[in-house]
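Note: hydrogens, waters and symmetry copies are ignored here, and every other heavy atom, side chains too, is used.
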Amino acid sequence: MSVETTAAPRPLHRTARRVALWMTVERRATHGLAALRIVLGAGLATFLGVNFTARDYLWGPASRWAAPLDDHHGFGGVFDLFSAQHSLGHLTAWYVVTFVAAVALTLGWRTRVVTPVVLVLSTSLLTSQPFGWDQGDNVLRLLLLYLCCADSGARWSLDARRRTTAPRGALGELATVLHNAAVVAVAAQICVIYLTSGFAKAQGSLWQHGTGVYYPLTLDLYRPWPALSDAITSNALLVTVVSTGAIYVQALFPVALLHPVARRVGVVSVLGMHAGIAVVMGLPFFSLFMMAGDLVFVRERTFESVQAWVVARAESFRAARAGRASPSCAPSGPGGRGTASRPGGRSRAAGTAP
Amino acid sequence: MSTTPAPVPETAPAPPETGPGTDISPAPTDDPPASRVVDPSETPVLSRWQVAIAAVLLGVVAAHVAATFLWVQPATPVRNALAGPLTSYMTPMFQQNWSLFAPNPVQDQYLLEVRGVRADLSTTPWLTPSADELAGLRRSVLPGRDVRLTAELSRSASQAVGALPDAARGYVGWSYHHDAPTRLRDAMAATDGGTVTPAMRTALDYDEVLTAYATQYVLARAPQEVVAYVQYRIVRQTATGYYGEDRGTTTREVTVASGRRPLTTVAGQDAAGFAAHVRGRTAQDAGKAPGTTGGTR
């Protein structure tokens, strides 16, 4: 392998070169990881908002009854910020800090510092209650951990607004390699989840025979909308398609990534599957965090066209409003002019829309 | 193009007109084979350290993914052989489990029920904390974490008690009017020559936790009662088979039923906070029918 080749590179060398280039030349999936950051941050902030009134019962001194079984899920040290042995005031203070950090992550403010802070705070909180845990907690923690190594603030963030030039120099190059390794880790983690869940279901007789989805939908535990659940479970076609489809969509997901059309089908399918789980089974946060991870498989170009489309729509909306408003508002003063002047600055971005 | 005679040769950055770039593997690590690259199409010049770091990081990610993959798989000879190091690497940070709905989906739910016992051994009606919590899931787009809290506690507790040998398990149903934890522990240990096995330790912890929860719940929901003891039981509801005549219903059995225990409060317990939450939840969900029918709505 240390022999130099001067002619056309051998296939192995070509592959190695492509891998090296992919890892080092530029930061990959910057839109996907920014979307991941935003969804994780907003999802965590929403979770904290939803559970605010129940915080004492779940994580505060009102949950001390669970103390004999509280092992913090094996976490300790820096992840010990929350505990039922502290006062409600302590819980509330750190709870608010966690909420603020989650919002900062969503906005992309000081992302490099805020991401590990959110990881520590959210893990500390969620592990301080031995029960009520779900796989969404694990997905959130794992994805946040990988995000700590990534430049998730490169797009759609306050950090990006502040940046004047592209990162350069040895530190920038190191950050690029680390970022790309994080992209690989996120993608691989999501693939492991789907592969494992899909193959495990394929071994179960109830999924094999197309009735798997009927059982959870019959239990109050996963039945927030009984009429909807009954509509699904009483329809043999739906039960079969959803049960069997879940096996194939999950088990074949990593393979589907290899082909551009199959990848689109695969990504849309898993996003749809988790949207369904979120609503029908009442597992919104687990589903949201899984969908956040799926976003790394959406191409940069797709995010860019979506962004361009949104900008163009927003602009035409503003222009239409300004156009409608200006004749009647013109005499009344600067209000109409203010709104009319904004879209002009954005016209170049909108012009790039396909 | 010049190279040094060293085992790991260097390549000067080639100007585009010299043709295809020279491609060499310095290979500071072996996974993946790394190259110093001069690509005329993109003309990036990669420094050796960049390539080396990329190779090292990819190696780390590959090892991590392999460990994760092994961790979530069922037991295999490889997984068994590596169980020790694998556990110490994967827990607690990377712990994960993707088998709740596989190989077969969850088909049952466990609900906690508690009641108070007065000094004359007359009892209050059974109270239903898990069903009350689950009422909060009804017609909720963003349910709180508390909706499945005691249902999950009950599932784990039922498994912990179910893991006991028959002789030891029988004592859970005995009543202890004083020093319940110690006397229950000694009674269980006596069935195994005086040893408190790990399974017994776990089941005893669950008994303490369930007794402490039952105490809080009875005090919160029946504050007018003067109770001396509490009891808990775990009800398992199983979905009937898809092909059965009674499709869409659940069967019901009691998996664990404790004897009487003295009121137990863990040091530092915020009873007022607990009661406020439980009463608030009940009032809030009063409008939502906690029953199991809803298909005709």
Side-chain angles (χ1 to χ4, degrees), chain A residues 1-2 4-6 9 12-13 16-17 19-21 23-25 50-51 54 56-58 60-62 64-69 73-75 85 88 131-132 138 173 177 181 184-185 188 192-193 196-197 200-201 203-204 206 211-212 214-216 218-221 224 226-227 230 233 282 284, chain B residues 3 7-9 22-25 27 32-35 37 44 46 50-51 53-54 57 61 65 68-69 72 91-92 96 98-99 102-107 109 134 137 140 142-146 148-149 151-153 205 208-209 212-213 216 239 242 248 266 268-270 273-274 277 294-295 297:
Chain A
M1 284 294 289
S2 61
E4 183 194 355
T5 54
T6 48
L12 186 61
H13 282 149
R17 184 169 60 182
V19 169
L21 284 173
M23 284 291 287
T24 49
V25 170
V50 164
N51 287 293
D56 190 12
Y57 178 73
L58 287 167
R64 276 296 275 172
W65 50 268
L69 286 163
H73 294 259
F75 284 84
Q85 61 191 326
L88 181 58
F131 304 103
N138 286 334
E173 288 172 355
V177 181
V184 175
V192 165
I193 293 173
T196 308
S197 306
K201 284 190 180 75
Q203 294 161 34
L206 297 175
T211 61
Y214 155 80
Y215 294 90
T218 304
L219 302 170
D220 291 336
L221 218 45
D230 291 341
T233 56
Chain B
T3 59
V8 184
T22 301
D23 186 90
I24 298 157
S25 302
S35 317
V37 180
L46 302 180
Q50 258 183 305
V51 173
I53 286 175
L57 284 178
V61 171
V65 171
T68 302
F69 190 74
V72 297
T91 58
Q96 51 194 297
W98 305 106
S99 62
N104 278 318
V106 58
Q107 294 156 69
Q109 62 191 10
L134 279 171
L137 180 64
S140 174
L142 293 172
R145 170 139 297 194
D146 54 328
R148 299 185 181 94
L149 186 70
E152 199 197 309
L153 162 63
D205 285 344
E208 275 190 61
V209 164
Y213 187 92
Q216 292 303 308
Y242 179 82
V266 176
Q269 172 72 43
D270 172 9
F274 185 101
H277 173 81
R297 193 175 291 277

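Pro143(B) is listed as a side-chain neighbour of Pro284(A), based on a closest heavy-atom distance under 4.5 Å. Residues Gln107(B) and Leu206(A) form a side-chain contact, since some pair of their non-hydrogen atoms from C-beta on lies under 4.5 Å apart. Looking at Arg64(A) and Asp270(B), their side chains never come closer than 4.5 Å, going by heavy atoms from C-beta outward. Looking at heavy atoms from C-beta onward, Asp220(A) lies out of side-chain contact with Leu137(B) at the 4.5 angstrom threshold. Side-chain atoms of Pro216(A) and Pro105(B), non-hydrogen and from C-beta on, do get closer than 4.5 Å to each other. At least one side-chain heavy atom of Glu208(B) sits under 4.5 Å from a side-chain heavy atom of Pro68(A).
If you take CD on Gln216(B) and OH on Tyr57(A), they are separated by 10.5 Å, rounding to the nearest 0.5 Å. To the nearest 0.5 Å, atoms CG (Leu69(A)) and CG (Leu153(B)) are separated by 8.0 Å. Summarising the geometry, atom OG1 belonging to Thr196(A) is positioned 9.0 Å from atom CH2 belonging to Trp98(B); distances are rounded to the nearest 0.5 Å.
In this structure, the portion of Thr233(A) lying under 4.5 Å from any heavy atom of chain B is its backbone and not its side chain. Interface remark: Leu134(B) contributes side-chain atoms only to the contact with chain A (heavy atom separation under 4.5 Å). For Val106(B), the parts sitting under 4.5 Å from any heavy atom of chain A are the backbone and the side chain alike. Proximity to chain B involves both the backbone and the side chain of Phe75(A), based on heavy atoms less than 4.5 angstrom apart.
Heavy atoms only, all atoms of each residue included: Ala54(B) and Val177(A) are closest at CA-CG1, 3.5 Å. Taking all atoms of both residues into account, the shortest heavy-atom contact from Leu57(B) to Ala181(A) is CB-CB, 4.0 Å. Across all non-hydrogen atoms, the minimal contact from Gly273(B) to Asp56(A) is CA-OD2, 3.4 Å.
For Phe131(A), there are no ring pair (Phe, Tyr, Trp, His ring centres under 6.0 Å) partners, not counting sequence neighbours.
Using a distance-only test at 3.5 Å, with no hydrogens or angles considered, no donor-acceptor pair links the side chain of Tyr242(B) to the main chain of Tyr215(A). Counting only distance, with no hydrogens or angles, the side chain of Asn51(A) and the backbone of Gly144(B) share no donor-acceptor pair below 3.5 Å. The main-chain N or O of Gly132(A) is never found under 3.5 Å from a side-chain atom of Arg148(B) such that the two would form a donor-acceptor pair. Remark: the backbone N or O of Leu219(A) is not paired with any side-chain donor or acceptor of Gln109(B) at under 3.5 angstrom.
The aromatic rings of Phe274(B) and Trp65(A) sit perpendicular, their planes meeting at an angle over 60°, well past the 30° parallel limit.
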